[in-house]
2 protein chains.
Amino acid sequence: MATIGDVAREAGVSRSTASYALSGKRPISEEVRERVLAAAAALAYTPNAGALALATSRTKVLGLLAQFHEDEFAPAMMQYILGVTDTARDLGYDTLLVTEADGARALQRITDSRMVDGVVLMNIAQDDLRLPILRAAPQPGALVGLPGDCAGLDVFDLDFEEAGRVMVDHLHRLGHRELILISQPEHVVERGGAYVWRLRDAALERARQRGVTLHAVYGESRQPAVGRLLNGLFDAHPSATGLLINNEAAAAALPSVTYQRGLRVPDDLSVIGRYSAEFAATFSLSYSFIESAPDRLGSMAVRQLVRRVESPAARNEPFVVRFISPELVSLESTAPPRPTAP
Amino acid sequence: MATIGDVAREAGVSRSTASYALSGKRPISEEVRERVLAAAAALAYTPNAGALALATSRTKVLGLLAQFHEDEFAPAMMQYILGVTDTARDLGYDTLLVTEADGARALQRITDSRMVDGVVLMNIAQDDLRLPILRAAPQPGALVGLPGDCAGLDVFDLDFEEAGRVMVDHLHRLGHRELILISQPEHVVERGGAYVWRLRDAALERARQRGVTLHAVYGESRQPAVGRLLNGLFDAHPSATGLLINNEAAAAALPSVTYQRGLRVPDDLSVIGRYSAEFAATFSLSYSFIESAPDRLGSMAVRQLVRRVESPAARNEPFVVRFISPELVSLESTAPPRPTAP
DNA sequence: CTCCTGCGTCGAACCGGTTCGACGATTGTG
DNA sequence: CACAATCGTCGAACCGGTTCGACGCAGGAG
């Protein structure tokens, strides 16, 4: 491969002149600049990334730490990842995808070795072990997901509290008085998945205020367990007329359960989910849902991260915690409850 | 951050001695080695990735080029990616995930700049524009998917021809004489997705040999189009008793269609799919299927790639084209056809 | 006509590692 | 006891860029 030395020789100038001609950081005569550009083109010159990183302390690579737990729903992850990689590329960055189980060690490795200019963390836990490492790292970081302590970090997440309230309000307004909320599996909570209880507690609180009965249960992440669970819930609460779903696997499994039981949506049962439009399309779900906007969240995190990476001023700006407002996409899966219990 | 110079000073030796003590590439006295290791630990020394890359011409990073077309089924992709990232990490490599639409340009960029030691290509087209670039690149590459011309490349793929034959044979043996095969959408074929016609043509040929009628159609990748298509197919071929599915979206949509039409599987209809076990679990599919083994394919590609990267000898070995044999996972969704047409 | 200014270019140093050749001290051999 | 081989360490060069300071030369001002 051609080095900048080769280009300089070909153009008959010094290495530094070639560098300045290519970067434009110092005035160079039109004639020399053209010779250098021509030489670079002729030799198909591309700067060596390692040398560039060494000289500039910039790698033009962002780290993306995602964790895949056995019991989590992998397909939903893809959209967050694409939101990050696509936005990063638009801004001139490549993305190092790290899926190592030991996220803390992985983060330590990629920040210490200076492979990346910044890091996006996903699957944030309430008390995430990666956060102290990120705070101590020389590179800035951004989180998709809300941890217990946001100090020193830029955080982006859906407003799950508001999502819970919107769900309850929507069905309450239609006249429903007994609802079921199915959340993520309990081990997601044990692992510190705060969004589960953020939505649930807000929904419970709002239901209490409105005088609505809300049965809140943990779900499962797999078939056939989640199908059995749904059936059990319908058996246990025959007078419930509305179902709130904060659990992708349950949403995906619901159609076959309602078919089997002869339940009609929305005639017999009103349903509201919480997932992305992409997810709904993929799983052919025609329930009204709260858009979780994974691509937007990924994109916002990257934009803020790159701002901090590139501008020394931005580095000292106060940290932001930004929530996306839940948007209810109506697909006509909700209606007033039937006058008599089903 | 601490550099190796800092470690050397702390240990009271020269930089080169510190380097040798850490790498073990030259004999170093036990006493000095211990002083160096202690200093490195005390200073939390981690080599700078850029400097390492510059000095050794190795980055310990692999590129992973995946393309996400609007009309493709993103969730299936995740498992290929995890197969690659997990195996790469086991072998000591990180993964640069590139999802740029212009794959050829992206490949050119990451190979020319020497950011990666090798590349895994996914979503291979019959006449893939990235292949000439990969062949000309200084780094080795591996493909997941079979292109028209495998010269100079290591290729890994499912044996789609055999998959088509296995599907047909299995239903023929049970007594079925009229089958429907739903493939990927036509634009996947136009884009050069060879696996579509590899499975289809082999199935058609085998059906001809066996005296079985096989209706082969292109599918859709989205709801509700794919559901409509399935309904149309059942209307058009009422006497077909078996369904072969080489289309993730169609498999995901099938349960609701069969429920709606009152079709029972396998009583009224025998079904065989082609996807991964992970996919089946995610979508609660209980059809027998041919395992497409995305994680195994990703893993195999990485192992071969790393062999070539690390061993100068392996670099000159002949290139391999390796097919995974289709394995039929039986979930009891096939049975002999009913004596009278449904 | 001289002096100053500033443009365009060059040489050298630096980023942080690895690695080659050399060299002094120790040990073994004849 | 002299000499060679080996061990352990050091200094210097190199990988391929960027960037700082200096310098020659042209043009404008005094």
Side-chain angles (χ1 to χ4, degrees), chain A residues 1-37 39-40 43-61 109-117 138-139 310, chain B residues 1-37 39-40 43-61 109-117 138-139 310:
Chain A
M1 284 298 302
T3 73
I4 202 170
D6 299 330
V7 172
R9 193 175 325 113
E10 178 81 8
V13 298
S14 72
R15 294 202 306 149
S16 51
T17 301
S19 176
Y20 285 124
L22 290 169
S23 71
K25 293 189 181 174
R26 276 200 185 176
I28 294 288
S29 70
E30 189 56 31
E31 189 234 329
V32 168
R33 148 169 295 133
E34 273 170 19
R35 279 215 317 273
V36 171
L37 292 181
L43 299 173
Y45 167 72
T46 308
N48 179 298
L52 215 53
L54 184 55
T56 63
S57 304
R58 284 282 162 78
T59 63
K60 287 289 185 176
V61 174
R109 176 166 49 79
I110 67 172
T111 53
D112 279 357
S113 70
R114 297 291 213 284
M115 318 176 69
V116 295
D117 292 340
Q139 300 98 333
E310 299 193 339
Chain B
M1 285 294 303
T3 72
I4 201 170
D6 299 331
V7 172
R9 192 175 326 112
E10 177 84 9
V13 299
S14 72
R15 294 201 307 148
S16 51
T17 300
S19 176
Y20 285 123
L22 291 169
S23 71
K25 292 188 181 174
R26 276 201 185 173
I28 293 288
S29 70
E30 189 56 30
E31 188 233 331
V32 168
R33 145 168 299 130
E34 273 169 20
R35 279 216 317 275
V36 171
L37 292 181
L43 299 172
Y45 167 71
T46 308
N48 178 298
L52 213 54
L54 184 55
T56 63
S57 305
R58 284 285 162 77
T59 63
K60 287 289 185 177
V61 174
R109 176 166 50 79
I110 66 172
T111 54
D112 279 357
S113 70
R114 297 292 214 282
M115 316 176 71
V116 295
D117 292 341
Q139 300 97 333
E310 298 193 340

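Note: hydrogens, waters and symmetry copies are ignored here, and every other heavy atom, side chains too, is used. Lettering follows sequence order; numbering is per chain, from 1.
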Visitor: Please list each protein N or O that sits under 3.5 Å from an N or O in nucleotides 26-29 of chain C, with the distance.
Guide:
none

Visitor: Suppose we call a contact any N or O donor and acceptor under 3.5 Å apart; does that hold for the side chain of A:Tyr20 and the base of D:dC20?
Guide: yes
Visitor: Rounding to an integer number of Å, can you tell me how far A:Arg35 CZ sits from C:dC10 C1'?
Guide: 14 Å
Visitor: Find the distance between CG (B:Leu37) and CD1 (B:Ile28) and round it off to the nearest 0.5 Å.
Guide: 10.5 Å
Visitor: Apply side chain to side chain contact (heavy atoms under 4.5 Å, CB included) to residues B:Thr3 and B:Asn48 and explain how you reach the verdict.
Guide: CA-CA 8 Å; B:Thr3 72; B:Asn48 178 298; over 6 Å; no
Visitor: Dump the pairs, protein N or O against N or O of nucleotides 13-16 of chain C, anything under 3.5 Å, distances to one decimal.
Guide:
none

Visitor: Would you kindly give the CZ-to-C1' distance between B:Arg33 and D:dG8, to the nearest whole Å?
Guide: 11 Å
Visitor: For B:Val7 versus B:Val36, what's the shortest heavy-atom pair and its separation?
Guide: CG1-O, 3.8 Å
Visitor: Nearest to the side chain of A:Ser16, heavy atoms from C-beta on, is which of D:dT9, C:dC10, C:dG8?
Guide: C:dC10
Visitor: Please report, rounded to the nearest Å, how far the C1' atom of D:dT6 is from the CD1 atom of B:Ile28.
Guide: 14 Å
Visitor: Is the phosphate of D:dT18 approached by A:Lys25 (side-chain N or O, under 4.0 Å from OP1 or OP2)?
Guide: no
Visitor: Mind calculating the distance between CZ (B:Arg114) and C1' (D:dG17) to the nearest angstrom?
Guide: 14 Å
Visitor: What nucleic acid atoms does B:Ser29 come within less than 4.0 Å of, heavy atoms only: base, sugar-phosphate, or nothing?
Guide: sugar-phosphate
Visitor: Rounded to whole angstroms, how far apart are CZ on A:Arg26 and P on C:dC7?
Guide: 12 Å
Visitor: Is the backbone N or O of A:Ala11 less than 3.5 Å from a side-chain atom of A:Arg35, with the two atoms forming a donor-acceptor pair by type?
Guide: yes
Visitor: Just how far, in rounded Å, is P of C:dT19 from CZ of B:Arg58?
Guide: 11 Å
Visitor: Between A:Ser19 and B:Glu30, which residue's closest nucleotide on DNA chain D lies nearer the 5′ terminus?
Guide: B:Glu30
Visitor: About how many Å separate CZ of B:Arg9 and CD1 of B:Ile4, when rounded to the nearest 0.5 Å?
Guide: 12.0 Å
Visitor: Give, for atom OG1 of A:Thr59 and atom CG of A:Leu54, the distance between the pair rounded to the nearest 0.5 Å.
Guide: 12.5 Å
Visitor: Rounded to the nearest 0.5 Å, what separation is found between the CZ atom of B:Arg58 and the CG atom of B:Leu52?
Guide: 11.0 Å
Visitor: Which distance, rounded to the nearest 0.5 Å, do you find between the CE of B:Met1 and the CG of B:Asp6?
Guide: 9.5 Å
Visitor: Grab the NZ-P distance between A:Lys60 and D:dG17 for me, whole Å please.
Guide: 17 Å
Visitor: Show the nearest heavy-atom pair for residues A:Val32 and A:Val13, with the distance to one decimal.
Guide: CG1-CG1, 3.8 Å
Visitor: Taking only side-chain N and O atoms of B:Thr17, does any of them lie within less than 4.0 angstrom of OP1 or OP2 on D:dG8?
Guide: no
